Novice: 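Please find one structure pasted underneath; my questions will follow.
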Amino acid sequence: MPSAANKQNKTLRILGIETSCDETSVALLVLERGTRNMKRQSGHQTLHDTGYTIRVIKHLIATQIPIHARYGGVVPEVAARTHVAEVVSLLDKTLGQKSKVKSRKLETLNFKLGTWNSGSFEAIAVTQGPGLATALRVGINAAKTLAWTCDKPLIPVNHLEGHLASAWLVPANRERWEFPILFLLVSGGHTELVLMQDFGKYKVLGRTRDDAAGECFDKTAKLLGLPYPGGPHLSKLAVKGNPKAFDLPRPMLHDPSLDFSFSGLKTAVRQLIEQSTQNAKRKTNNQKLGTWNLKLGTVEDMCASIQAAIVDVLVAKTIKAALKVKPKAVAVVGGVSANPLLKSELRRALRKSCPGVTLLAPAKGLYTDNGAMIAAAGLWKFLGNRKQPRWQAMDAEPDLDL
Ligand code: KG4
Ligand code: ZN
C-alpha cells in the first residue's frame, strides 16, 4: 500500500454508511497512530506498520429482517423506504448533538441541518455496490449530503471489500495479517474465493455459477417453511439432526475449477420434499414446518443434511485453492461465516491439509452487513491514496465486482 503522506494526523476518524440490502448501518471508526513508528522511513506510516490501533467508537445496525420476513424475502422498494427512515436517525445517534455543523455553504443557503458534529470525523465511506440500486442510493445520497455540507472527502466502498475488511477489524487477526490471504467470501448474494495480495489488490479465483451459498441456505429453508432469512434458522435446527439422513448432491465438488454451483442442491431438496410428503396435493412452496411429514427423516435431519452438503463443497474448494496458491492465512467472511459448522470444518481441514495456515474470521456482529466493515474498507482506500471519484459524480453500482 502506498504511504499516507498527506494524512499525517495522529487520529483519523471515518464514518461508514451501509444500505446495500436489508440492514441500515452507521459506524464511526478511529485509527490512532502510535508514536513508536511514526518517523520510520520517509516519515510516513502505512497500514503495513504496526504502530496503530483501530477502535470502533460507535456502531449501529437497524435490521429490516422483521419487515421483509412478512414477504418471505427482501422487497427492494420497501428496503429503500425503510433505509430513508433509518439512516438519518442512525446518523443522528452517531454524530451526536455536541456542536452545530460549521459550513459556509450551509450558512449561505440558510437551512438548518440539525446539530450534527461535523468535527467528529475526517472522511465518509459509503457502500457504492453491489446491492439493490434503490437501497444503495439512499446511503449514497445521505453520504453525498454530508460530504457537501461538512466539506469532507467521500470514499465509495465496494461492499465485497467491506466484507474482506470485517476480518481485519478483529485485533488478533490484524496481528496475523500477512499477505497473500485467501478469502472465502460467502454471503446471501456472493460466493467467491478471493486472493488478497495487498490492500486493494484482489484476484477472484472462483465464484458461484448460479446461486450463492447464503441464497441456497435461504431458499431451501423457505422450502421447509422456515422464516426469512432461513440460513440462521436452518443452521440452528441442523444441530439436532443427522447430516447423513438424506443423500444430497455436492455440486461441482470434483470439478477441477474453483467455481461453485448451488442451484442443483436446491432442486434436489425440492424434489425430495415433493416425493416424501404424504399429501401429494399440498403445495410445497407453502409447506409449513408444522405440517412437515417426511418418511425418511425429520426436519432437523433435512436441515443437517443441507448444511453438510453446502459446507462440504465450501471447505473442499477452499482447501483446493489453498493448496494451489499457498496463502499465509485463510479468512472466511460474509453472512454465512456466522455458521459454526463451516468454521469448525474449515479449521479442521486446514489443520490436516495446510498445517500452519490459520483461519481468520470476523467477530460476532460483523458477519452480516454492517457499517464498521465499510468504514474499515474506506480506511484502506483512504490511506492507500486510491483514486476516488468526485463525490458529485458518484452513483450506485449495483453490479460492482472486486
Ligand atoms: O453478508 P450478508 O449479511 O448479506 C449479503 O451481502 O448478502 O449475508 C446474509 C446471508 C443470508 O443468506 C443468511 O441466511 C446467511 O448470510 N447467514 C447464514 C447464517 N447466518 C447468516 N447462513 C448459514 N448459517 C448461518 N448461521
Ligand atoms: Zn453483505
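Please read these numbers as outputs of a predicted model, since none were measured by experiment. Counting convention: from 1, in listed order, for ligands and their atoms alike.
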Novice: As an exercise, state the distance from CE of Met394 to CG of Leu154, rounded to the nearest 0.5 Å.
Specialist: 5.0 Å
Novice: State whether the shortest distance between N or O atoms of Gly334 and N or O atoms of ligand 1 falls below 3.5 angstrom.
Specialist: no
Novice: In plain terms, say whether Asp395 and Arg137 are close enough for a salt bridge, that is, a side-chain N and a carboxylate O under 4.0 Å apart.
Specialist: yes
Novice: Counting only N and O atoms by type, is there a donor-acceptor contact under 3.5 Å from the side chain of Asn173 to the main-chain atoms of Trp168?
Specialist: no
Novice: Quick test of your reading of the structure: of Gly188, Cys216, Gly162, whose heavy atom lies closest to atom 9 (C) of ligand 1?
Specialist: Gly188
Novice: Looking at Asp369, which of its N, O or S atoms is the nearest one to the Zn ion (ligand 2)?
Specialist: OD1
Novice: Below 3.5 Å, N or O to N or O, backbone or side chain included: is there any such pair between Pro229 and ligand 1?
Specialist: no
Novice: What's the shortest distance from atom 26 (N) of ligand 1 to any protein heavy atom, and which residue and atom give it?
Specialist: Ser235 OG, 3.3 Å
Novice: Please determine if the Zn ion (ligand 2) has an N/O/S atom from His163 lying under 2.8 Å away.
Specialist: yes
Novice: List ligand 1 atoms under 4.0 Å from Gly214, heavy atoms only on the residue side.
Specialist: 12 (O)
Novice: Would you sort out whether His59 and Leu29 count as a side chain to side chain contact (heavy atoms under 4.5 Å, CB included), showing the intermediate values?
Specialist: CA-CA 8 Å; His59 190 198; Leu29 197 76; over 6 Å; no
Novice: For atom 12 (O) of ligand 1, what's the nearest protein heavy atom and its distance?
Specialist: Asp218 OD2, 2.7 Å
Novice: With distance as the sole criterion, is a donor-acceptor pair present between the side chains of Gln128 and His159 under 3.5 Å?
Specialist: no
Novice: Any side-chain donor-acceptor pair under 3.5 Å between Tyr228 and Asp22?
Specialist: yes
Novice: List every atom of ligand 1 that sits less than 4.0 Å from any heavy atom of Gly189, numbering the atoms from 1 in the order shown and giving each element.
Specialist: 7 (O)
Novice: Quick one: does ligand 1 sit under 4.0 Å from the side chain of Glu23, the backbone, both or neither, non-hydrogen atoms only?
Specialist: neither
Novice: I'd like to know whether ligand 1 has Pro232 as a neighbour, heavy-atom separation below 4.0 Å.
Specialist: yes
Novice: Is it the case that the side chain of Thr19 and the backbone of Ala135 share a donor-acceptor pair, with hydrogens and angles ignored and the cut-off at 3.5 Å?
Specialist: yes
Novice: Of the protein's non-hydrogen atoms, which lies at the shortest distance from atom 24 (N) of ligand 1, and what is that distance?
Specialist: Asn339 ND2, 3.1 Å
Novice: In ligand 1, which numbered atoms sit nearer than 4.0 Å to a non-hydrogen atom of Thr368?
Specialist: 3 (O)
Novice: Could you identify the single nearest non-hydrogen protein atom to atom 3 (O) of ligand 1 and state the distance to 0.1 Å?
Specialist: Asp369 N, 3.0 Å
Novice: Do NZ/NE/NH1/NH2 and the carboxylate oxygens of Arg386 and Glu161 come within less than 4.0 Å?
Specialist: yes
Novice: Between the side chains of Gln307 and Ser305, is a donor N or O closer than 3.5 angstrom to an acceptor N or O?
Specialist: no
Novice: Of the protein's non-hydrogen atoms, which lies at the shortest distance from atom 20 (N) of ligand 1, and what is that distance?
Specialist: Gly335 O, 3.5 Å
Novice: I'd like to know whether the aromatic ring centres of Phe199 and Phe179 sit less than 6.0 Å apart in this structure.
Specialist: yes
Novice: Taking N, O or S atoms only and a limit of 2.8 Å, check whether His159 reaches the Zn ion (ligand 2).
Specialist: yes
Novice: Between Leu248, Ile273, Val269, which is the residue that forms a side chain to side chain contact (heavy atoms under 4.5 Å, CB included) with Thr220?
Specialist: Val269
Novice: Using a strict cut-off of 4.0 Å, indicate which atoms of ligand 1 neighbour a heavy atom of His163.
Specialist: 1 (O), 6 (O)
Novice: Heavy-atom contact under 4.0 Å between His159 and ligand 1?
Specialist: yes
Novice: Is the shortest side-chain N to carboxylate O distance from Arg207 to Asp259 below 4.0 Å?
Specialist: no
Novice: Where the closest heavy atom to atom 22 (N) of ligand 1 is concerned, which of Pro340, Ala238, Ala338, Gly231 has it?
Specialist: Gly231
